[in-house]
Amino acid sequence: MIVSDNKYKDQFTLLNKKENSLEAKAFARFEKMGLPTRKSEVYRYSNLSYFKNLSPSINGNIPHKIPEYFSHDYLKEKNVLVTINGIFSESLSTYEEEENGIYISCMCDARKEFRDIVESHYNETSKDYPDAFSEMNTAFAQCGIFIYAKKNALAKKPILILHLGYAQAEASLACQRNLIVLEENSKLEIIEDYLNLDEEKTFNINHFSEYFLKANSDLRINIYQEEENNFHFIGNKFFELDRDSRLKLSALNFDGKFVRNNFRVNLNGENAEATLNGIFINENEDHTDSRILVKHNAPNCQSFQTFKGILNHQSTAVFNGKVYVAEGAQKTNAYQSNKNILLSEEAVINTKPELEIYANDVKCSHGATCGQLDENAIFYAESRGIPREKAKKLIVFAFAQEVVQAIDNEDFKNFIERRLVHQLDLAEYSTYESVQSGIKE
Amino acid sequence: MLKITNLHASIDDKEILKSFNIEVKPGEIHAIMGPNGTGKSTLANVITGRDSYDISEGSIIFKGEEILELSPDERARLGIFLAFQYPVEIPGVSTTNFMKAAINERRKHQGLDPMKAAEFLKLMKEKMALVEIDQKFMSRSLNEGFSGGEKKRNEIFQMAMLEPSLAILDETDSGLDIDALKIVSKGVNQLRNKDNAFIVITHYQRLLDYIVPDFVHVMYDGRIVKSGNKDLAKELEARGYDWIKEELGV
Ligand SMILES: Nc1ncnc2c1ncn2[C@@H]1O[C@H](COP(=O)(O)OP(=O)(O)O)[C@@H](O)[C@H]1O
Ligand SMILES: [Mg+2]
């Protein structure tokens, strides 16, 4: 494959953006930065050479027909928004444009119909930390999703965003872009799911979502990413939290060939609270890279991060979580933990929890562990008649539970539990729930 | 039921069991007493099949079969059970799930279908009542945050669920108050029948007031140095171990 050195420029020219437009400015910044190299601290352990060979797609190739995608149980009774190769597809989506004060539309329409809101929020989160992929996304953004919860709006049902890949043009990168704004006292739940419908083809995404949580609003996001193969994902999710707002995010990653999740949370108003949990389960040559930055910019905020990694074969993972406490952000309460299990000799985890604190009256704790399965626990299970391989899987399953059980959407939690049971081949033990609930009665 | 002959076990080139011998017949209760560090837990682990020990010599015959080459789960399914001195905490696995896995593995090897939920539930309730464990423990993570006494009762509960032919109790009484001790003993005595056997490892003769042994063995430096009936336990309680050392000339 011949890749023009100027492929970005060539592509961008085709977009015909005005000289002073947001896109042109973002592109200029992107060009100046270039794609990060391994010298860049933030991408040190992730090899981006694959992405260097991709060009951002600009033509919006929505296939006319896609195979029926399978339906999860948690699809029922929900607003379902579908993007395909990064572009919002109205025809594949089923949703109410307005329901209980929650407005949904494609980004392109939102620019007209919600002009003020879009103008005052779009790309506002990317200012303080320049990131090449978010700049690239802004320059090349396809028409994505806009969700707006007006003041006091309480969503009746979760919104499911299904990101589908299908027949994506070769060597292209979809710049998928969303804006979510929650006004005061509003409440919303989002599930995001990624699926490559065409396993022969790669599915490459540069995802960028911006979230604004106004005073006392509440946002829950559950993210499910799984691909057997061919899924390459770089995602930026930037959150701005005003006073008394709450964010709860769970990110579940199964078998991503290359998944980079960059979560950045600004706690800007007092009593804001952010919880970020995640599991990554990697096999073969999978690689996941979770980078989290939580900034306590105001006093009395809380943040909690719990990430668990399960790595097998030659898979690799990076966890880099940082809590930053700004001057004056007194009474900050921040917790961060990353625990990992390595199931093989070859698997590698690079974990780096960090604290940077400029206030003196704070409560911060962080820790990372990385180890093999506990031999004492394996022996304990074996001594009860459970074969060694099963015992190991049971313990891995158990290891993941801290994060799984913290998911507060029951349907989604059950789905993830079943997914784990499947992953670990523990189907025969999966009738537990009924027994457990029986015991509780 | 169990015959151990000339067993030598070492760990990191340090020999811990040195020509250990014992024979346990169905219906018997054997108590093993001895100072700390003499190899009592090692013996329990070796019988159960922990593979971190190097067995240089000897044999363990269980129900007529040499079991040294069998894995711990195979031995468990043959009917060996160890109540651990230090039960392991497994966050994320409830006692219920753990027991269900254990019971159904055994059933699978017997060619049976998994136990029906209702039947399993009934069995759980029955055995919980036996050791007076509150039902709420069953859905909590295995041993996590349990007190010492709760952990030990949970071991006896698991034993009652699995109904082993040979149960080894490794210092199950340590750290138990008298009420818990009685509950544990009641559990053992109810399970006791002419076809099964117990090896009770303990420091204190008071347990043996409730679980009355047929034999008492004193273990020292990796082997049995003295055997007798339950009166030997009383003597040990009164006189300590020094007189045994003197008898041995160490
Ligand atoms: N994993 C191990 N590694 C090295 N030495 C061990 C290990 N386990 C036990 N030992 C040693 O073996 C001896 C017997 O220990 P143990 O069987 O636990 O004795 P007891 O149960 O009679 O107190 C002790 O000296 C102990 O330090
Ligand atoms: Mg011991």
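FYI, side chains are in, hydrogens and waters are out, and symmetry mates aren't considered; it's all heavy atoms of this structure.
Although no hydrogens or angles enter the test, the distance criterion places no donor-acceptor pair under 3.5 Å between the side chain of Arg291(A) and the main chain of Gly321(A). With hydrogens and angles disregarded, a donor-acceptor distance shorter than 3.5 Å links the side chain of Arg77(B) to the backbone of Gly385(A).
Of the two parts of Arg50(B), the backbone and the side chain both hold a non-hydrogen atom closer than 4.5 Å to a non-hydrogen atom of chain A. The part of Ile80(B) that comes within reach of chain A is its backbone (N, CA, C, O), which places non-hydrogen atoms under 4.5 angstrom from that chain. For chain A, the nearby parts of Asn45(B) are the backbone and the side chain; heavy atoms of each come within less than 4.5 Å. Proximity to chain B involves both the backbone and the side chain of Ala381(A), based on heavy atoms less than 4.5 angstrom apart. Only the side chain of Gln158(B) has a heavy atom closer than 4.5 Å to any heavy atom of chain A.
Comparing Glu382(A), Arg384(A), Arg388(A) by heavy-atom pairs within less than 4.5 Å of chain B, the highest count is held by Arg384(A). When each of Thr48(B), Leu78(B), Ile103(B) is scored by its heavy-atom pairs under 4.5 Å with chain A, the top score falls to Thr48(B).
Side chains of Glu417(A) and Gln405(A): a donor-acceptor N/O pair is present below 3.5 angstrom, by distance only.
Less than 6.0 angstrom separates the ring centroid of Phe379(A) from the ring centroid of Phe84(B). In this structure, Phe280(A) has its ring center at least 6.0 angstrom away from the ring center of Phe307(A). Taking the centre of each ring, Phe399(A) and Phe397(A) stay at or above the 6.0 Å mark. Within the 6.0 Å centre-distance limit, the rings of Phe415(A) and Tyr224(A) are counted as a close aromatic pair.
Contacts between residues 368-378 of chain A and chain B, defined by a heavy-atom separation under 4.5 Å, are made by Asp374(A), Glu375(A), Asn376(A), Ala377(A).
Nearest heavy atoms, Ile407(A) versus Leu252(A): CD1-CD2, 4.0 Å.
Using cut-offs of 30° and 60° on the angle between ring planes, the pair His217(B) and His30(B) is parallel.
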